[in-house]
Every structure is written in structure tokens, then in C-alpha cells.
Amino acid sequence: MSFALEVKKELLAVEVPARHCQIAEIAGISACIAHEDDGGIRIETENDVVHEKYFTLLEETINIKGVGKNGLISYPYDKRLYELLKTDDLMVADPVTIQQDCCRRSFLRGFFLCAGSVSNPEKSYHFEMVCRTDEQAAQVKSLVAGFGTHPHIVERKGHQVVYLKEGDQIETMLGVLGASKAYMDFENVRILKEMRESVNRKVNCETSNIRKSVSAAVRQIEDIRYLQDSGNFSLLNDNLREAAELRLKYPDMPLYELGRKCVPPVGKSGINHRLRKIGQIADSIRNKK
């Protein structure tokens, strides 16, 4: 089972006792799958469990029962549904229906059950809800943003898609919807991924530093050998000669340790300055030749 299906399975089991929250969840589901038809409302979804959830909520709130036909469920036109949702447009929730925080959560839960998706955090971070109209997308985006996230809208195949790409924000929305287990699973995966990424960055950084140090030491030794072979080693003063002899004797030693072997000891920047000076002298002689 995909991560998205696991989330929806958990959300389907969420029961809200308050009638106003039940109404908000009905509004969220209606916004996605309800179509006004001649003489009634047609519900279109391939998910039988969502049908059952919708049927149960309507029956509990206003005792409207659906009639199954050709794989669909229809509800006879009943002004009570419109009165219940306080709207003439089922695709957009009335502000009164979602005025409370708990109702906004319930609306988004119902909407996500029908038109939402979330990727497996092991692979990528992506959370989205597909909207039917621009007005609906604007409302959903506003509701999602109200919980401290920063959603975006993109058009895809004629639909407006409200989405999140940040792991911590997706995690927040899972908690908002009521998917507690998915929230914990997502958080655990995200923490492990961040730890792995942090370790990889440190390893890459250390590897890069080691590579640079080795390259610098090889170049320093080449410069010193060049001065010796060309008979110009005597041009070095006592400090430079000491640094050169130490580098030849300890080719793999880090600079800070090499500096401690000088008499008197010098810091990392001091020994590095001396070796750079040797390199400049060697380059100057090469250029003259």
C-alpha cells in the first residue's frame, strides 16, 4: 500500500462527534465529488469507502440516504443539503461552515480524502490537493496557509493544484488532517534523511579538504625539489629552509603539526606562509628560465 493510501485509510477512521465538524467534512467531500444533476446530486468517486463515509455523514446529520445505480450514488434533490452547507455552490464552502479551526481541519480532511495525495517521504516531499475551479483552489490554498504553511498553485491538465514541497510543512498538514500515525512516520523518515544528508555533507567536505591538503603538499614538495635540483636551495633564509626540510621529512603531516616542529614553533598560518613563499621563489626562477 502506498504512503498516500495509508494516510487516507487513517483519515477515514477519524470520527468527529461535533455536528459542525461533520458538516464541514461533508462540505469538503462535496466540493470534490458532488455534481448537480437533474433532480438530484450525483456523487462520482471510484473509492467505495469515500462513498460510505459521505453516506454515513449525511445520514447522521440530516438523514439523507443515497441510491446506488450503475456504480454511482445519487442523492435526490433535497434543499436540506444546501441549507446544511449554507451555499448554492457545492464546490466552495460557505465561510460560516468553516469559521472554526476544528471545522477547517474537517473540511480539508474531507477534501484530501477525495482529491489529495502525498508522496512517500523516503522518495520525495510532495503534498497536493487537486481543485476543480480557480475559486476553489484559492479557498483551499487560503485554508492550508492558515496553518502556518506556504502553499503554491500550479495548473495541471486543466485543474488547479494546491501543493507543498517542504517536508516540515507537509508534516504539519498531516497533523492538521488528523493522520497522527502518518505524521510520526513522516517525521521519523525526515529526521533520518536530514541526518544522512548532514553526514554526507561533512564527509564530502572532509574529503575535499583532504584532497586539497594532499595536492598542496605535493606541490610544495615539487617546489622544494626544484630548488634543490636547480642549485637554488641556498637562496632560502633560515626560516624557509627549516620549513622546506620539515616538509620533505614529513610529507603527509598537516600544517598545524608541521608548524609545531619548527624552532620556535609557529602556527598553521605561519608555516603556510613560509611554504607559500618557497613556492613563489620557485615560480620566479622557473619564469626566468
Side-chain angles (χ1 to χ4, degrees), residues 7-37 39-68 72-116 129-149 151 160 162 172-180 182:
V7 172
K8 291 186 177 183
K9 182 179 178 181
E10 184 177 1
L11 294 180
L12 284 167
V14 175
E15 296 182 1
V16 287
R19 187 172 186 272
H20 52 83
C21 288
Q22 293 176 339
I23 294 172
E25 192 161 351
I26 290 172
I29 298 175
S30 298
C32 298
I33 62 175
H35 300 266
E36 295 184 23
D37 221 345
I41 300 169
R42 186 178 76 257
I43 304 302
E44 291 185 354
T45 175
E46 298 177 357
N47 193 328
D48 293 336
V49 183
V50 172
H51 270 158
E52 185 179 346
K53 180 82 170 180
Y54 193 66
F55 173 85
T56 301
L57 288 169
L58 284 177
E59 189 172 21
E60 287 180 355
T61 51
I62 50 177
N63 197 31
I64 296 180
K65 296 184 179 181
V67 179
L72 302 175
I73 292 183
S74 297
Y75 294 85
Y77 180 82
D78 193 321
K79 65 179 182 180
R80 288 180 298 166
L81 177 59
Y82 293 90
E83 292 173 352
L84 180 74
L85 301 180
K86 298 178 176 61
T87 183
D88 293 327
D89 183 1
L90 295 177
M91 287 190 286
V92 180
D94 186 273
V96 176
T97 302
I98 52 174
Q99 63 181 339
Q100 298 186 63
D101 181 80
C102 56
C103 294
R104 290 190 285 271
R105 292 170 183 264
S106 294
F107 176 85
L108 289 173
R109 184 186 309 114
F111 200 100
F112 181 84
L113 281 171
C114 303
M129 288 190 280
V130 181
C131 303
R132 296 160 69 180
T133 66
D134 293 349
E135 187 178 5
Q136 187 180 81
Q139 184 178 64
V140 170
K141 179 184 177 182
S142 177
L143 291 173
V144 173
F147 291 99
T149 64
Q160 301 297 315
V162 178
T172 295
M173 283 310 302
L174 292 175
V176 166
L177 298 177
S180 302

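Computed from a predicted model, the values in this text were never measured in an experiment. We use all heavy atoms of the structure for the numbers below, so side chains are in, but hydrogens, waters and symmetry mates are not.
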Quick one: side chains of residues 12-25, donor-acceptor pairs under 3.5 Å with protein atoms, not counting sequence neighbours, listed by atom name and distance.
from, atom 1, to, atom 2, distance (Å)
Arg19, NH2, Thr61, O, 3.3
Gln22, NE2, Val16, O, 3.2
Gln22, NE2, Glu60, OE1, 3.2
Glu25, OE1, Arg109, NH1, 3.3

* Please identify each residue that fulfils side chain to side chain donor-acceptor pair (under 3.5 Å) with Arg132, with sequence neighbours left out. => His35
* Over all heavy atoms of both residues, which pair between Val162 and Ala137 is shortest? Give the atoms and the distance, please. => CG2-O, 3.6 Å
* What's the shortest heavy-atom distance between Phe111 and Met129, and which atoms? -> CD2-SD, 3.8 Å
* **Closest non-hydrogen atom pair, Val96 against Asp94** => N-OD1, 2.8 Å
* Counting N and O atoms only, with roles assigned by atom type, does the side chain of Gln160 sit under 3.5 Å from a partner on the main chain of Val130, one being a donor and the other an acceptor? -> no
* Donor-acceptor contact below 3.5 Å, side chain Arg104 vs main chain Ile98 -> yes
* What pair of heavy atoms forms the shortest contact from Ala27 to Thr97, and how long is it? -> CB-CG2, 4.2 Å
* Quick one: are Met173 and Thr149 in side-chain contact, heavy atoms under 4.5 Å? -> yes
Side-chain donor-acceptor distances from residues 138-148 under 3.5 Å, at least two apart:
from, atom 1, to, atom 2, distance (Å)
Gln139, OE1, Ala93, N, 3.0
Gln139, NE2, Ala93, O, 2.8

* Asked: With distance as the sole test, does Lys8 use its side chain to make a donor-acceptor pair with the main-chain N or O of Cys114 at under 3.5 Å?
  -> no
* Just how far is it from atom CZ of Phe107 to atom SG of Cys102, taken to the nearest 0.5 Å? -> 14.5 Å
* Asked: Under 6.0 Å from the CD atom of Gln99, do we count more than 12 heavy atoms belonging to anything else shown?
  -> yes
* To do: To the nearest 0.5 Å, tell me how far Leu57 CG sits from Ser30 OG.
  => 9.5 Å
* Asked: Nearest heavy-atom pair of Leu11 and Lys53: which atoms, and what distance?
  -> O-NZ, 4.3 Å
